[in-house]
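A short write-up of the structure that comes next.
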Amino acid sequence: EYYDLPGQIYETVAILSGAAQIKTIALKIHTPSNLIVFADKSMIATVLRNLISNALKFTRPGGAVEVKVWVSDQQVEVAVCDNGIGMDPSDIGKLFRIDESFIRPGTNKEPGSGLGLILCKDFISKHGGTIRVESQQGIGSCFAFTLPNEIT
């Protein structure tokens, strides 16, 4: 279906703002307005919720989480970046694999199953997009996914 992606991002951030307030984490959004995408709205909502809640989980109190959107002729890219605890390079390869268990608690001992990112990868793949992560231990992580830009 066609729908407004920035509206969905603002909606998701509003849902998760309570968790951000508890940890005094700033949530910032950088997106063009009126960006219509063609995607399964509930799948993309799940991906956004997972990535933003993970960023909040692994960011220390007083930190920041940013959601950024870029548009090109071929694709829309959404990035969720934090200045949290980051990851060791050897752990990054385990994130999207069902056969590798990578579970670690958040900065306030929040639990995790390790399955959220596997689901995100599956949902984005179904849309013909990609998902990737860049992370540095102690500096933060940035998870980004793409969707085809089918609006001409």
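The residues of the chain are indexed from 1 along the displayed sequence.
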N/O donor-acceptor pair under 3.5 Å between [X] side chain and [Y] backbone:
{"X": "Lys28", "Y": "Ala64", "value": "no"}
{"X": "Asn83", "Y": "Gly63", "value": "no"}
{"X": "Lys23", "Y": "Thr59", "value": "yes"}
{"X": "Thr24", "Y": "Gln21", "value": "no"}
{"X": "Glu77", "Y": "Ala144", "value": "no"}

Shortest non-hydrogen contact from Asp88 toward Gln137
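In terms of heavy atoms, the two residues are closest at N-OE1, 3.1 Å.
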Heavy-atom closest pair, residues Pro148 and Gly128:
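Result for this residue pair: CG-O, 4.2 Å.
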Would you sort out whether Leu117 and Val133 count as a side chain to side chain contact (heavy atoms under 4.5 Å, CB included), showing the intermediate values?
CA-CA 11 Å; Leu117 290 175; Val133 61; over 6 Å; no
Out of the candidates Val47, Asp82, Val67, only one should pair with Ile52 under the side chain to side chain contact (heavy atoms under 4.5 Å, CB included) rule; please name it.
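The single option meeting the side chain to side chain contact (heavy atoms under 4.5 Å, CB included) with Ile52 is Val67.
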Val69, Val37, Thr31 screened by side chain to side chain contact (heavy atoms under 4.5 Å, CB included) with Pro6, the one that passes:
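Testing Pro6 for a side chain to side chain contact (heavy atoms under 4.5 Å, CB included) against Val69, Val37, Thr31 leaves exactly one candidate, Thr31.
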Are [Y] and [X] connected into the same hydrophobic cluster when the rule is that any two of I, L, V, M, F, W, Y join if their side-chain heavy atoms are below 4.5 Å apart?
{"X": "Ile29", "Y": "Phe145", "value": "yes"}
{"X": "Ile139", "Y": "Leu95", "value": "no"}
{"X": "Phe38", "Y": "Trp70", "value": "no"}

Going by heavy atoms in the side chains, are [X] and [Y] under 4.5 Å from each other?
{"X": "Thr46", "Y": "Phe123", "answer": "yes"}
{"X": "Asn149", "Y": "Ser72", "answer": "no"}
{"X": "Ile36", "Y": "Asp4", "answer": "yes"}

Could you give all pairs that pass the side-chain hydrogen bond (donor to acceptor under 3.5 Å, both in side chains) test and reach residues 119-130, with sequence neighbours left out?
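Residue pairs with at least one partner in residues 119-130: Thr130-Thr146.
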